[in-house]
Amino acid sequence: MTKSRNFQLGILYACSVFAFLAICYLLDVARPEWGLATSVVLFGPSHEQTTKRALARLAATAAAGASLLILDAIASSNEAAFILAAALFITGHLAIRSRQWAYYYFVFGATLAILGFDTVVTQASEDLTQNFLQRLFQIGLAILVTVPPLLVYLHWNEPEPDGKTAEQAPEPSHLIFFVRGLFCCMGLTLLWLAGPFPGFDRVCLITAILLSASATMTTLAPMLRAGIIGLLAAFVSVVLIRLLFSVIPDHWVARTLIVSGCFGWAMARSMASAKNGMTWKIAMIVTTVLLTVEAPPIAAPKTYFLLVAVLFISIAVVAFSQVAAKQITCRRPLEPISDSGSRPSSPE
């Protein structure tokens with residue numbers, strides 16, 4: 001993509017973020033991180049991919065929320081925890097096996113985890129209904145303010161093909177993917193159970209789920225690199241944004257302009273770099289989560305360092321899962337997956 005096109009997409013995304021945050025302010029939505037994360041994931045240079053992901057994200061969120069409401073009505077706390085763990089593992093493997101429905105299964109499982117462990121397992125039915133409706137509203141609003149303008153832009157500004165084709169590495173077998181997913185599921189469940197500070201379990205779980213998506217990747221290095229650099233960039237970004245907040249008038253317009261401008265610039269950088277595109281998007285997603293934490297890093301640095309430490313532990317879980325799966329299966333060579341093509345670099 002040309003520099004002017006990347007700049008235009010960055011401006012367009014900044015306007016979408018500003019519109020979303022302005023509507024959230026007018027409607028008194030206190031924590032709009034779900035909608036912001038949705039806009040980051042959906043925004044891209046492909047008309048077809050954007051449309052499919054928007055529909056899949058909305059449908060999967062609605063289906064997962066409805067499933068949790070039924071589970072909350074018929075299962076006890078222990079039964080719900082067991083069912084959720086099994087459902088996460090099953091949906092994760094379905095996402096690996098199905099290219100066409102991979103993103104739907106991924107969002108379905110992520111929604112089960114984010115809403116289920118905090119509400120169904122703790123028998124907080126009122127919180128489940130409220131969180132589900134708020135999440136569905138934010139995702140729908142983010143789609144409404146992000147996708148139509150992007151599709152119009154892509155329709156009138158189609159990129160010229162460059163004639164280059166990326167080299168495709170052979171994919172591991174389904175068994176290797178299965179073992180990776182099993183280890184990730186076990187490790188991240190233990191991470192959630194060992195959460196040492198109240199209120200951060202959900203935040204850690206959200207990011208851990210995003211990182212655990214690397215269990216479906218062909219190679220490990222790109223996701224590790226993107227995850228580590230993205231987390232560090234998010235931490236620095238939040239510190240700088242909070243500093244700007246401290247020196248400007250306490251008004252929602254000024255703060256919204258700062259956030260939307262920063263996100264627009266980061267999205268332009270993501271579009272400009274094929275190698276670091278995933279890194280920029282991870283940084284933006286984690287930044288949305290960190291910005292909604294009440295205690296700023298300048299006032300409570302220990303809290304932020306603990307949070308970042310837990311996120312790095314989740315990266316270590318992913319790394320261990322892939323290495324262990326390779327070691328377990330290396331003595332028994334299996335045929336690679338027969339489907340043509342390679343898996344997308346990130347199932348965001």
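Every heavy atom of this structure was used, including side-chain atoms; hydrogens, water molecules and symmetry mates were not.
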- When rounded to the nearest 0.5 angstrom, what is the spacing between CE in Met267 and CH2 in Trp280? 11.5 Å
- Query: Would Leu136 and Leu112 show up in the same hydrophobic cluster when neighbours are defined by side-chain heavy atoms closer than 4.5 Å?
  - Reply: yes
- Item | Gln134 to Trp34 - nearest heavy-atom pair and separation | OE1-CZ3, 3.8 Å
- Answer yes or no: is there a side-chain heavy-atom contact under 4.5 Å between Ile248 and Arg255? yes
- Query: How many angstroms lie between atom CG of Leu244 and atom CZ of Arg242, to the nearest 0.5 angstrom?
  - Reply: 12.0 Å
- Query: Any side-chain heavy atom of Phe43 sitting closer than 4.5 Å to one from Met271?
  - Reply: yes
- Kindly determine whether Thr256 and Tyr25 satisfy side chain to side chain donor-acceptor pair (under 3.5 Å), including the steps that lead there. CA-CA 10 Å; Thr256 302; Tyr25 174 80; over 6 Å; no
- Check: Ser260 side chain, Leu257 main-chain N or O, donor-acceptor pair, under 3.5 Å: yes
- Item | Closest approach of Ala63 to Ser67 (non-hydrogen atoms, all atoms of both residues) | O-OG, 2.8 Å
- Query: Hey, does the side chain of Ser273 reach the backbone of Arg269 with a donor-acceptor pair shorter than 3.5 angstrom?
  - Reply: no
- Ser270 to Gly277 - nearest heavy-atom pair and separation: OG-O, 3.2 Å
- Item | Considering all heavy atoms, the nearest Phe18-Val253 contact | CE1-O, 4.2 Å
- Query: Would Ile285 and Val41 satisfy side-chain contact (heavy atoms from CB on, under 4.5 Å), going step by step from the backbone distance to the final call?
  - Reply: CA-CA 8 Å; Ile285 291 173; Val41 171; 3.9 Å; yes
- Let me see the working for Thr287 and Phe263 under side-chain contact (heavy atoms from CB on, under 4.5 Å), right down to the final yes or no. CA-CA 10 Å; Thr287 297; Phe263 273 60; 4.1 Å; yes
- Message: Before you tell me yes or no, could you show the steps for Phe20 and Ser39 under side-chain contact (heavy atoms from CB on, under 4.5 Å), namely the whole-Å CA-CA distance, both residues' side-chain angles and the distance that decides it to 0.1 Å?
- Response: CA-CA 9 Å; Phe20 174 77; Ser39 67; over 6 Å; no
- With a 4.5 Å heavy-atom cut-off, do Lys52 and Tyr103 have their side chains touching? no
- Val29 side chain near Phe137 side chain, heavy-atom distance below 4.5 Å: yes
- Interatomic distance, CG@Leu12 vs CG@Leu154, rounded to 0.5 Å, equals 8.5 Å
- Task: Report the C-alpha distance between Arg135 and Thr61 in whole Å, list the side-chain angles of each, state the deciding distance to 0.1 Å, and finish with yes or no for side-chain contact (heavy atoms from CB on, under 4.5 Å).
- Result: CA-CA 8 Å; Arg135 183 178 179 84; Thr61 301; 4.2 Å; yes
- Query: Between Phe108 and Tyr104, how do the two ring planes meet: parallel, tilted or perpendicular, split at 30° and 60°?
  - Reply: parallel
- Which atom names give the shortest non-hydrogen contact between Leu68 and Leu128, and what distance separates them? O-CD2, 3.7 Å
- Can you tell me how far the CZ atom of Arg5 sits from the OH atom of Tyr153, to the nearest 0.5 Å? 5.0 Å
- Message: Rounded at 0.5 Å granularity, tell me how far CG in Leu150 sits from CG in Leu42.
- Response: 9.0 Å
- Item | Nearest heavy-atom neighbours spanning Thr146 and Ala142 | OG1-O, 2.8 Å
- Query: So, do Val40 and Leu36 sit near enough that their side-chain heavy atoms are less than 4.5 Å apart?
  - Reply: no
- Task: Check the surroundings of atom CZ in Phe7: do more than 12 heavy atoms from other residues, nucleotides or ligands lie under 6.0 Å from it?
- Result: no
- Task: Indicate yes or no: at least one non-hydrogen side-chain atom of Ile143 is less than 4.5 angstrom from one of Leu55.
- Result: no
- Hey, could you give me the CG/OG1 distance between Leu141 and Thr38, rounded to the nearest 0.5 Å? 10.0 Å
